[in-house]
Chemist: 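To start, I am sharing the structure in question, which I have written as structure tokens.
Numbers for residues simply follow the sequence, beginning at 1.
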Amino acid sequence: GVEVGPQPQGVARADILDKMRKIVKHGLDFVQLFNEGKEFPPCIIEVFKIMEKVDYPRNKNGEIIAIIHPKLQDQDWQPLNNGDPLFLTLDGEVIPYQGNCTVYPTFINEAAYYEKKQAFVKTERIKLTAKHLRSSVS
């Protein structure tokens, strides 16, 4: 499966549809080349590994007491460092990120995740080594 976004539920966006078409085309091109016996050399790829889901700050009754800080909004996949603004309380207090490493938040403030008690997901950027790849069918 391919998930392309962010995109609000029930909304069709031309730019997101175009990205989806491109990634599906690249996937199909890869399958065709692989089936034709093309060898793909080893490479290093950068990926984002999920670390944990982060909830909104809540009071003792489970009610949300802060929103995503404006500087974090729409910054999916961008580095978040210790001390960077994370949440903004309804009283205007900034709650900073407190972490011992840089993380890369994603799914920031997506409506579909409110009911799942998820403000965003923290990811870490890592590098993976892919061995050469070639179809064994000739």
Side-chain angles (χ1 to χ4, degrees):
V2 176
E3 181 177 343
V4 182
Q7 175 172 296
Q9 297 101 326
V11 174
R13 289 182 41 170
D15 60 332
I16 300 298
L17 182 60
D18 185 54
K19 288 177 184 178
M20 184 271 308
R21 283 185 177 138
K22 286 178 182 174
I23 194 68
V24 169
K25 182 185 179 313
H26 286 304
L28 292 172
D29 288 346
F30 169 81
V31 169
Q32 180 176 349
L33 291 170
F34 180 79
N35 287 341
E36 290 172 355
K38 177 170 174 59
E39 183 170 346
F40 296 88
C43 64
I44 296 175
I45 55 175
E46 192 173 79
V47 299
F48 293 87
K49 180 181 175 186
I50 293 176
M51 298 169 67
E52 68 177 303
K53 297 174 183 177
V54 177
D55 192 8
Y56 293 89
R58 296 177 183 270
N59 64 19
K60 63 182 177 181
N61 296 324
E63 299 163 329
I64 294 174
I65 60 169
I67 57 176
I68 295 293
H69 192 280
K71 289 187 178 179
L72 181 59
Q73 185 64 52
D74 301 320
Q75 296 301 308
D76 295 76
W77 311 112
Q78 299 305 308
L80 180 66
N81 300 296
N82 188 46
D84 286 350
L86 190 58
F87 295 106
L88 185 63
T89 69
L90 302 178
D91 296 331
E93 179 187 339
V94 173
I95 300 173
Y97 169 63
Q98 296 177 347
N100 56 4
C101 66
T102 299
V103 296
Y104 298 82
T106 189
F107 304 115
I108 300 169
N109 200 27
E110 289 201 17
Y113 296 116
Y114 271 76
E115 65 188 33
K116 296 177 182 178
K117 296 184 175 182
Q118 179 180 312
F120 63 93
V121 173
K122 285 193 321 189
T123 69
E124 63 180 327
R125 187 168 59 183
I126 61 173
K127 292 182 180 183
L128 299 177
T129 301
K131 297 179 180 179
H132 81 281
L133 182 64
R134 184 175 175 192
S135 173
S136 60
V137 179
S138 299

Chemist: What heavy-atom pair brings P105 and V103 nearest, and what distance separates the two atoms?
Modeler: CD-O, 3.6 Å
Chemist: Distance check, rounded to the nearest 0.5 Å: L88 atom CG versus Q73 atom CD?
Modeler: 12.0 Å
Chemist: In the hydrophobic cluster built from side-chain contacts under 4.5 Å, what are the other members alongside Y104?
Modeler: F48, W77
Chemist: Counting only heavy atoms not in I50, do more than 12 sit closer than 6.0 Å to its CD1 atom?
Modeler: no
Chemist: Are the ring centres of Y56 and Y114 closer than 6.0 Å?
Modeler: yes
Chemist: Applying side chain to side chain contact (heavy atoms under 4.5 Å, CB included), name anything that partners V31, two or more places apart in sequence or on another chain.
Modeler: N35
Chemist: If you look only at pairs with a residue in residues 116-125, which of them pass as a salt bridge (charged side-chain N to carboxylate O under 4.0 Å, His left out), with sequence neighbours excluded?
Modeler: E46-R125, E52-K122
Chemist: Once rounded to the nearest 0.5 Å, what's the spacing between atom OG1 of T106 and atom CG of L80?
Modeler: 12.5 Å
Chemist: Please collect all salt bridge (charged side-chain N to carboxylate O under 4.0 Å, His left out) contacts where either partner lies in residues 28-44, sequence neighbours excluded, each pair once.
Modeler: K25-D29, E39-R134
Chemist: Using a 4.5 Å cut-off on heavy atoms from C-beta on, say whether the side chain of K53 contacts that of V121.
Modeler: yes
Chemist: With side-chain contact (heavy atoms from CB on, under 4.5 Å) as the criterion, how do K71 and D84 come out once you've worked through the C-alpha distance, each side chain's angles and the decisive distance to 0.1 Å?
Modeler: CA-CA 9 Å; K71 289 187 178 179; D84 286 350; over 6 Å; no
Chemist: To the nearest 0.5 angstrom, please state how far the CD1 atom of I108 sits from the CG atom of D76.
Modeler: 4.0 Å
Chemist: Would you please name every residue forming a side chain to side chain donor-acceptor pair (under 3.5 Å) with N61, sequence neighbours left out?
Modeler: none
Chemist: Check side chain to side chain donor-acceptor pair (under 3.5 Å) between Q78 and all other residues, then give those that pass, not counting sequence neighbours.
Modeler: none
Chemist: As an exercise, state the distance from CD1 of I64 to CG of N59, rounded to the nearest 0.5 Å.
Modeler: 10.0 Å
Chemist: Is V54 reachable from M51 through a run of I, L, V, M, F, W or Y residues, each pair having side-chain heavy atoms under 4.5 Å apart?
Modeler: yes
Chemist: For D55, which residues count as a side chain to side chain donor-acceptor pair (under 3.5 Å) partner, sequence neighbours excluded?
Modeler: R58
Chemist: Can you name the residues that form a side chain to side chain donor-acceptor pair (under 3.5 Å) with E115, not counting sequence neighbours?
Modeler: none
Chemist: Let me confirm one number: the CD1-CG distance from I23 to D18, rounded to the nearest 0.5 Å.
Modeler: 12.0 Å
Chemist: Do F30 and V24 land in one hydrophobic cluster if side-chain heavy atoms of ILVMFWY residues count as linked below 4.5 Å?
Modeler: no
Chemist: Among residues at least two apart in sequence or on other chains, which ones pass side chain to side chain contact (heavy atoms under 4.5 Å, CB included) with P57?
Modeler: I65, A66, F87, I95
Chemist: Measuring from atom CD1 of I67 to atom CG of L72, what distance do you get when rounded to the nearest 0.5 angstrom?
Modeler: 11.5 Å
Chemist: Any pair with a residue in residues 89-102 that passes side chain to side chain donor-acceptor pair (under 3.5 Å), sequence neighbours left out, goes on the list, sorted by first then second residue, please.
Modeler: N81-T102
Chemist: Ion pair present between K19 and D15, side-chain N to carboxylate O less than 4.0 angstrom?
Modeler: no
Chemist: In the structure I gave you, are the side-chain heavy atoms of P42 and K131 within less than 4.5 Å of one another anywhere?
Modeler: no
Chemist: Establish whether M20 and I16 are linked, either directly or via other cluster members, by ILVMFWY side-chain heavy-atom contacts under 4.5 Å.
Modeler: yes
